Number of protein chains: 2
Amino acid sequence: MGGPRFEPVRAVRAYERVVEQIEEAVESGALTPGERLPSERELMVQFSVGRSTVREALRVLQARGLVRSRPGDPNGAEVLPFSPVVLKKSMTTLARVSELSLGELVQFRMVLDATAVLLAARLRTEEHLAEMAAAVDDMKAADAADAAAFGAADAAFHDAVARAGGNKLIQVCTDVVRAVMAGLVEDRLARAPDREALMRRGVAHHEDVIAALRAGDGPLAARLTRQSMYDYYAGHLPAEERAALRALLE
Amino acid sequence: MGGPRFEPVRAVRAYERVVEQIEEAVESGALTPGERLPSERELMVQFSVGRSTVREALRVLQARGLVRSRPGDPNGAEVLPFSPVVLKKSMTTLARVSELSLGELVQFRMVLDATAVLLAARLRTEEHLAEMAAAVDDMKAADAADAAAFGAADAAFHDAVARAGGNKLIQVCTDVVRAVMAGLVEDRLARAPDREALMRRGVAHHEDVIAALRAGDGPLAARLTRQSMYDYYAGHLPAEERAALRALLE
DNA sequence: GGTCATTTGTGCGTATGTATC
DNA sequence: GGATACATACGCACAAATGAC
């Protein structure tokens, strides 16, 4: 008793150790985006593992969005800047396997987008406001039949708001959830009979939000944002989910 | 002009096509958690690819948390139920490479946890309230020196609240962000001089939240939750981040 | 624009350790 | 304990793609 307390060891795969080392180098900043990893044959020498081990490690790193490798590239795998595509992917998986309802997604965005505008009311600059106004102009200019252009402009607006709010986590999450929602319901929305009216109302709402932000009235901007989200999606929700959403309109 | 509109083709790797097919089978429910994939040798026959291709595909699927394979397992890779570990991983990466501040994380949880309790005030059952009460009891029972036990009980409380709120996305996200925060600041909190006072205050706050939920007063419960989060972390934040948080206390 | 060395993508054979029966 | 089937890992060979000269 009182001897050394040995810890149970779990067999850790060779490729995992390769992943850990490269991952640490990337996340710590020792490798910056745009830099290149050594070639696979060079890596197998440095780690003293086989090439298949190196390749499996690179696949995992690629799946995590940290590097990208192309066939024949003499420079080796490229270190990538952070991108939310991996988050989007795993959240899309979450939506599919746990069967997230549209109502849950709308609820999530109602809360986070409203928070973003609330924060933006304190921190917004003239540049931010100009970006938002430009996005709204694009929404107006979009052909009524071109749902993709309208959606892209809408996304640009919300991204500008989120950036103005200054919380990168909220910015990424709203972006991810918006993309997931678009993938789930874009065709349904594009065929809605009252689509044009919804689009016009959305533009008007966005202009009201800009006015509130310019005036520095965060709570008003947040209310407008929640109401806008509710109006846009409520028609596509069953009654009980609509009720859950109204609980957030305060 | 007016001819067929050809789309640009991107060379898609063999292992990617294997990943897509298995992923679709898992996410569509054709393969349910606990089921086994065919062995690697069987898969290389079915997809008519080489062994390395199969293995790289399995690595990607494993990195996405869909399957797990163990050496020597005669049954082949196992299909896994959804777990938020992949989301945790990518959000931790986000936190590291985009240098998320503690303030941004706290802000995020203040908003989403407050929303969860607001929703829980409408939907909570007696079972939910009993779970919350049990978690608070565990927090009280935790030794003052055992930060891990206290944290686990606190996590159980918030998880019960999030489940009562009925939004699975909010539940997962708050859980993920709590884990990320714990990884970043657990040692700092464990060594705080006023740790015991913070713990006592946290317990009292949680009991107030339960009382508000029992009374069905969602807005009160939400305010209490935001205030509790602020009190617990404000001491570890620089002044300007504290100010941004106070903007959410309303 | 073309040639060529290099690299990645892929397939295959083999040895080894492990889990299950 | 032994037999069997499996995953892990190594190393080589060839095709396709890339980048540099």
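Just so you know, these numbers come straight off a predicted model, no measurement behind them. All values below were derived from every heavy atom in this structure, side-chain atoms included, with hydrogens, water molecules and symmetry-related copies excluded.
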Peer 1: For the side chain of A:Thr32 and the backbone of A:Gly29, is there at least one donor-acceptor N/O pair under 3.5 Å apart?
Peer 2: no
Peer 1: Salt bridge check, B:Arg64 against B:Glu27: does any charged N sit closer than 4.0 Å to a carboxylate O?
Peer 2: no
Peer 1: Between P on C:dT7 and CZ on A:Arg68, what's the gap in Å once rounded to a whole number?
Peer 2: 19 Å
Peer 1: Over all strands shown, is B:Thr53 touching base, sugar-phosphate only, or nothing at heavy-atom distances under 4.0 angstrom?
Peer 2: sugar-phosphate
Peer 1: For B:Arg70 and C:dT16, give me the distance from atom CZ to atom C1', rounded to whole Å.
Peer 2: 19 Å
Peer 1: Remember a base hit wins even if backbone is also touched, and classify B:Arg55 as base, sugar-phosphate or nothing at under 4.0 Å, heavy atoms.
Peer 2: base
Peer 1: Hey, is A:Arg163 close enough to A:Glu131 for a salt bridge, meaning N to O under 4.0 Å?
Peer 2: yes
Peer 1: Before you tell me yes or no, could you show the steps for A:Leu100 and A:Phe108 under side-chain contact (heavy atoms from CB on, under 4.5 Å), namely the whole-Å CA-CA distance, both residues' side-chain angles and the distance that decides it to 0.1 Å?
Peer 2: CA-CA 11 Å; A:Leu100 291 183; A:Phe108 190 89; over 6 Å; no
Peer 1: Can you measure B:Arg17 atom CZ to C:dG9 atom P for me and round it to whole angstrom units?
Peer 2: 16 Å
Peer 1: Is there a donor and acceptor pair closer than 3.5 Å between the side chain of A:Arg59 and the base of C:dG9?
Peer 2: no
Peer 1: Rounded to the nearest Å, what distance is computed from the CZ atom of residue B:Arg41 to the P atom of nucleotide C:dG11?
Peer 2: 16 Å
Peer 1: For A:Ser52, report the nucleic acid contact type (base, sugar-phosphate, nothing); a contact means any heavy atom under 4.0 Å.
Peer 2: base
Peer 1: Does A:Ser39 place a side-chain N or O at less than 4.0 Å from the phosphate oxygens OP1/OP2 of C:dT6?
Peer 2: no
Peer 1: Does a side-chain N-to-carboxylate-O contact under 4.0 Å join B:Asp154 and B:Arg178?
Peer 2: no
Peer 1: Under the side chain to side chain contact (heavy atoms under 4.5 Å, CB included) test against A:Leu66, which residue among A:Val26, A:Leu58, A:Val60, A:Leu31 passes?
Peer 2: A:Val26
Peer 1: Let me know the distance between CD of B:Glu40 and C1' of C:dG11, rounded to the nearest Å.
Peer 2: 14 Å
Peer 1: Going 5' to 3' along DNA chain D, which are the first and last nucleotides with any atom under 4.0 Å from a heavy atom of chain A?
Peer 2: D:dT8 to D:dG19
Peer 1: Less than 4.0 angstrom between a side-chain N/O of B:Arg51 and OP1 or OP2 of C:dC12, yes or no?
Peer 2: no
Peer 1: Does B:Ala77 or A:Asn75 map to a spot on DNA chain D nearer the 5' end, using the closest nucleotide for each?
Peer 2: B:Ala77
Peer 1: Name the residue closer to the 5' end of DNA chain D, choosing between B:Pro74 and A:Gly72 according to the nucleotide with the nearest heavy atom.
Peer 2: B:Pro74
Peer 1: Are B:Glu23 and A:Lys89 close enough for a salt bridge, meaning some N to O gap below 4.0 Å?
Peer 2: yes
